[in-house]
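Okay, so here's the structure we're looking at.
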Amino acid sequence: TRFTFWMTVVLLGLSVPALAVLGYFIARGIIRNLASFHHTIALIEGGDFAARADIKTRDELGELASAFNELLDSRVETLANIQRENEKLNESVLDLLRAVAQLAKKDLTVKIPVSEDVTGAVSDALNLLSSETAKVLQDVSSISAEVTSASLEVQKQADNMLLRAAEERTEVETTVR
């Protein structure tokens, strides 16, 4: 029992420093991994969307880093999709504005490309409007040609009547004398 007592004291004397060293390395690993997370978050806040948590441990922090990286990949892909959609929408709006500029130059033959985005309905409506306006103008032009033809015919008949009236007046004057 004295031997047991001293053996316990010696083992405790050796175990406490060993546990302290082990605790130091465990804490250092956790702090290093958390610092890596903090650095990655700072990079992302600065606009570096390619930054990823570089933690390769097989513990909970490693699993957290893996999930964090997957979340970042998903968000970056979503941002890229939104950017592509914005670019497509901007291009559709520019196409629409170019076509409206052509319509403003009285070019009713322009056909606005109809896209699948929000501008598609506007493009379709403008195409219908320009097509119907062109038909109405064609009808107006046709009616104008008919009115011109009828006016010329009336003018011709009026000129003939005036000529005959002049001839009859001359004949009446000759007869009266």
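Being a predicted model, the structure only gives us computed values, none of them experimental. The analysis underlying the following values was restricted to heavy atoms, covering all of them including side chains, and did not include hydrogens, waters or symmetry mates.
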Rounded distance [0.5 Å steps], CG in Asn86 versus CD in Gln83: 6.0 Å
Over all atoms of both residues, closest heavy-atom pair of Leu14 and Pro17: O-CD, 3.4 Å
List, one per line, each side-chain donor-acceptor pair under 3.5 Å for residues 132-144, sequence neighbours excluded.
residue: Glu132; atom: OE2; partner: Lys135; partner atom: NZ; Å: 3.4
residue: Thr133; atom: OG1; partner: Leu129; partner atom: O; Å: 2.7

Student check: side-chain heavy atoms of Arg98 and Asp95 closer than 4.5 Å: yes
Over all atoms of both residues, closest heavy-atom pair of Leu43 and Ala51: CB-CB, 3.7 Å
CD (Glu116) with more than 12 external heavy atoms under 6.0 Å: no
Interatomic distance, Tyr24 atom OH to Leu22 atom CG [nearest 0.5 angstrom]: 13.0 Å
Shared hydrophobic cluster for Val110 and Leu97 (ILVMFWY, side-chain gaps under 4.5 Å): no
Gln102 CD to Leu108 CG distance, which is reported to the nearest 0.5 Å: 11.0 Å
Only distances under 3.5 Å count here; give the side-chain donor-acceptor pairs of residues 153-163 to other protein atoms, sequence neighbours excluded, each with its distance to 0.1 Å.
residue: Gln155; atom: NE2; partner: Asp159; partner atom: OD1; Å: 3.1

Ile112 reachable from Leu94 in the ILVMFWY side-chain graph, under 4.5 Å edges: no
Sidechain-backbone polar pair: Ser149 side chain, Ala145 backbone, donor-acceptor under 3.5 Å: no
Approximate separation, where rounding is to 0.5 Å, of Ser92 OG and Glu85 CD: 9.5 Å
Within one Ile-Leu-Val-Met-Phe-Trp-Tyr cluster: Phe49 and Phe37, side-chain cutoff 4.5 Å: yes
Atom pair OG (Ser115) and CG (Asp124), whose distance is rounded to the nearest 0.5 Å: 10.5 Å
Shortest non-hydrogen contact between Ser130 and Leu103, atoms and distance: CB-CD2, 3.6 Å
Test side-chain contact (heavy atoms from CB on, under 4.5 Å) applied to Asp73 and Arg52, step by step: CA-CA 9 Å; Asp73 291 340; Arg52 295 294 178 267; 2.7 Å; yes
Residues Thr175, Glu173; criterion side-chain contact (heavy atoms from CB on, under 4.5 Å); working and verdict: CA-CA 5 Å; Thr175 307; Glu173 286 175 355; over 6 Å; no
Minimum side-chain heavy-atom gap Leu61-Leu34 below 4.5 Å: yes
Asn127 backbone acceptor or donor facing Ser131 side chain under 3.5 Å: no
Side-chain touch Leu64/Ile55, heavy atoms, less than 4.5 angstrom: no
Lys88 atom NZ: more than 12 heavy-atom contacts under 6.0 Å: no
Derivation and outcome, side-chain contact (heavy atoms from CB on, under 4.5 Å), residues Leu126 and Leu96: CA-CA 9 Å; Leu126 284 173; Leu96 188 61; 3.7 Å; yes
Under 3.5 Å donor-acceptor, Ser36 side chain and Arg32 backbone: no
Expected output: side-chain Thr8 to main-chain Thr4 donor-acceptor under 3.5 Å: yes
Between Ser123 and Thr119: side-chain donor-acceptor atoms closer than 3.5 Å: no
Heavy-atom side-chain proximity of Lys56 to Asp54 below 4.5 angstrom: yes
Val100-Val93 co-clustered via ILVMFWY side chain contacts under 4.5 Å: no
Working for side-chain contact (heavy atoms from CB on, under 4.5 Å), residues Phe68 and Thr40: CA-CA 10 Å; Phe68 182 73; Thr40 302; 3.8 Å; yes
